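Computed from a predicted model, the values in this text were never measured in an experiment.
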Amino acid sequence: MSTLHSPGRSADRSPDRGQDRGRDRWQDTASAAGLLADDGGVAVTIFAEMSALAVRTGAINLGQGFPDVDGPGYVKEAAIAAIQEGRNQYAPGDGVPELRRAVAEHQKRHYGLDVDPDTEVLVTTGATEALTASILALTRAGDEVLTLEPFYDSHAAAIGMSGATHVTAPLVPGPDGFRLDVDALRAAASPRLRMIVLNSPHNPTGAVLTRDELAAVAAVARERDAIVVTDEVYEHLTFGAEHVPMATLPGMAGRTLTISSSGKTFSFTGWKIGWVHGPAHLITAVRTVKQFLTYTSGAPFQPAVARALDDDDTPRELAASLADRRDLLCAGLEAAGFTVTRPEGTYFVMADAAGLLPRLGLRDGVDLCRRLPELAGVVAIPATAFCHAGSPTAQALASHVRFTFVKQEAVLREAATRLTGLSLPGA
């Protein structure tokens, strides 16, 4: 993994003084995300490394999860109309009223949740800002934040920014997909637990937590008086599994911040329109931080997304299409010699290369991903990129890699054909 030079200190800050004062917060953030090298340099993310490798080699990029087609035309036209109407200056810091109302109506329609659009909804620059602002607003040094492992990398980075300690509970692969180790969850929840960050449907494993698994998380949150922040950006992209929002469980609406976005549901990842809703006092805390991050963004996109949220057919059609594309890629991976854990949702599938690695002369999933463009003309991401270095979960998933299937069928068919070459003699 290539590294970048770390920023130099100002002239009046000597190395000795730098050592005395400890690491800067950017270093804590890089360390939390697994990007801080022993020499103080910062490595590029594995996503950037693999995407650059795809460009350099002409490989099919099944590493990063972004669609290769746009969402509905009527939503794009609504954004264009908003631009032409002059909605090009700052939007309100909370988000435009029609989007906040649309979020509240969406939650009521789909989940029976009563949400006040004026005091309990905050529009953000994508789900990433909602997550980061929530973690920064409500945790500090000395607190512990619990996530599932493997975890989405921005969760770890935001915890590093806050100064809190990141603890994890593993998702374990099995015949029923990746499932939560509830005993490990309870063991990880110390008296210092301040927040649980939950991602379901889950990236990178594709797991959709069951109602029983969610109830176990809720019980821990109530016992430790912890806030739950739920990352539900794949809420509509499930394949036969039921998505249950944490806020619908008994006693949880008052301690849960629910985050989602338009990027995954409507295939407009570049617009970066997300939102968070929850109790007014928690939204006030998040808003207080968020207003000093971006303040506001995406003014003409917000009314377009408000219109999209009235559309229940498009997400349903996308989920059905993704289920077909999941099956296509999974079949190709199995033909290539991978053991596949079939996902219940999201854009992603985890595949175990343990049976391939010895024959290919490779050590683990990281080695495989760096050689895969040359060996098969395909790019993937090693599962350990979503784990703490050296953790038991990282060791258990050392031979696993993640592929995305949010690409056109023709692209996936070509990728499957290329991957089949891995199982051929002499490959």
Side-chain angles (χ1 to χ4, degrees), residues 32-34 131 134-135 138-139 142-160 162 164-234 241 243-247 249 251-252 255-259 341 343-346 348 350 352 382-398 400 402:
L131 284 157
S134 297
I135 292 167
L138 296 164
T139 67
D143 291 336
E144 291 182 350
V145 179
L146 190 154
T147 75
L148 307 179
E149 188 176 16
F151 44 79
Y152 184 55
D153 62 341
S154 83
H155 299 173
I159 295 165
S162 76
T165 299
H166 186 185
V167 297
T168 66
L171 287 170
V172 181
D176 298 323
F178 279 81
R179 301 270 55 101
L180 175 63
D181 185 332
V182 173
D183 290 338
L185 169 78
R186 295 186 181 119
S190 84
R192 293 187 297 278
L193 183 67
R194 170 63 174 161
M195 178 181 287
I196 299 172
V197 177
L198 203 62
N199 175 211
S200 179
H202 183 261
N203 176 12
T205 67
V208 178
L209 295 189
T210 66
R211 193 175 291 272
D212 286 345
E213 288 170 323
L214 292 167
V217 175
V220 168
R222 291 192 297 268
E223 179 183 345
R224 294 301 187 191
D225 193 23
I227 297 162
V228 179
V229 175
T230 61
D231 176 354
E232 301 183 15
V233 297
Y234 297 99
H243 169 61
V244 180
M246 176 62 74
L249 270 60
M252 293 307 296
R255 63 171 71 247
T256 300
L257 287 167
T258 302
I259 292 167
T341 304
E344 300 172 305
T346 77
F348 305 107
M350 292 276 271
D352 187 358
T384 52
F386 305 94
C387 301
H388 283 140
S391 72
T393 302
Q395 294 172 34
L397 299 181
H400 285 66
R402 188 197 76 172

What distance do Tyr234 atom OH and Phe348 atom CZ have between them, rounded to the nearest 0.5 Å?
-> 4.0 Å
Quick one: does Gln395's side chain have a donor or acceptor within less than 3.5 Å of a partner on Gly390's backbone?
-> yes
Of Leu138, Thr230, Val228, the residue whose pairing with Leu257 passes side-chain contact (heavy atoms from CB on, under 4.5 Å) = Leu138
With the side chain counted from C-beta on, respond yes when Ser154 and Leu131 share a heavy-atom pair under 4.5 Å apart, and no when they do not.
-> yes
Is the His166-His388 ring centre distance short of 6.0 angstrom?
-> yes
Side-chain heavy atoms of Asp143 within contact of Arg192, under 4.5 Å | no
Check against side-chain contact (heavy atoms from CB on, under 4.5 Å), Leu193 and Val220 | CA-CA 10 Å; Leu193 183 67; Val220 168; 4.1 Å; yes
Would a 4.5 Å heavy-atom cut-off, applied to side chains only, mark Asp352 and Thr341 as touching?
-> no
Side-chain donor or acceptor of Asp153 paired with backbone N/O of His155 under 3.5 Å | no
Examine the side chains of Thr165 and Glu144 and answer whether a donor and an acceptor come within less than 3.5 Å of each other.
-> no
Is a donor on one side and an acceptor on the other found under 3.5 Å between the side chain of Thr210 and the backbone of Glu213?
-> yes
From Thr147 OG1 over to Leu198 CG, what is the distance, rounded to the nearest 0.5 angstrom?
-> 9.5 Å
Min side-chain heavy-atom separation Ile196-Ile227 under 4.5 Å | no
Partner of Thr205 by side-chain contact (heavy atoms from CB on, under 4.5 Å), out of Val172, Thr346, Leu148, Leu171 = Leu171
Indicate yes or no: at least one non-hydrogen side-chain atom of Val244 is less than 4.5 angstrom from one of Leu249.
-> yes
Ala156 and Ala32: which non-hydrogen atoms are nearest, and at how many Å?
-> O-CB, 3.2 Å
Rounded distance (nearest 0.5 Å) linking atom CG of Leu397 with atom CZ of Phe386 | 11.0 Å
State plainly whether the residues Arg255 and Glu223 are in salt-bridge range, i.e. N to O under 4.0 Å.
-> no
Heavy-atom pair of closest approach, residues Ala169 and Leu185 = CB-CA, 3.6 Å
Does the side chain of Ser391 pick up a donor-acceptor pair with the side chain of Glu149 at under 3.5 Å?
-> yes
Does the Asp183 side chain pair with the main chain of Ala187, one donor and one acceptor, at a distance under 3.5 Å?
-> no
Determine the minimum heavy-atom distance between His400 and Pro173, stating which atoms define it.
-> NE2-CG, 4.5 Å
4.5 Å side-chain heavy-atom contact, Glu232 and Ser200 | no
Enter the distance from Ser134:OG to Ile259:CD1 here, rounded to the nearest 0.5 Å.
-> 4.0 Å
Val197 side chain near Asn199 side chain, heavy-atom distance below 4.5 Å = no
Smallest separation among heavy atoms of Pro170 and Thr393, with atom names = CB-OG1, 3.4 Å
Euclidean distance, Thr258 OG1 relative to Met252 CE, rounded to 0.5 Å = 9.5 Å
Step-by-step side-chain contact (heavy atoms from CB on, under 4.5 Å) determination, Arg402 to Asn203 = CA-CA 10 Å; Arg402 188 197 76 172; Asn203 176 12; 2.8 Å; yes
So how far is it from His202 NE2 to Phe178 CZ, rounded to the nearest 0.5 Å?
-> 9.0 Å
Shortest non-hydrogen contact from Met246 to Ala218?
-> SD-CB, 3.9 Å
Flag the pair Arg194 and Asp225 as a salt bridge only when some basic side-chain nitrogen lies within less than 4.0 angstrom of an acidic carboxylate oxygen.
-> no
Please name the pair of heavy atoms, one in Met350 and one in Pro204, separated by the smallest distance, quoted to 0.1 Å.
-> CG-O, 3.4 Å
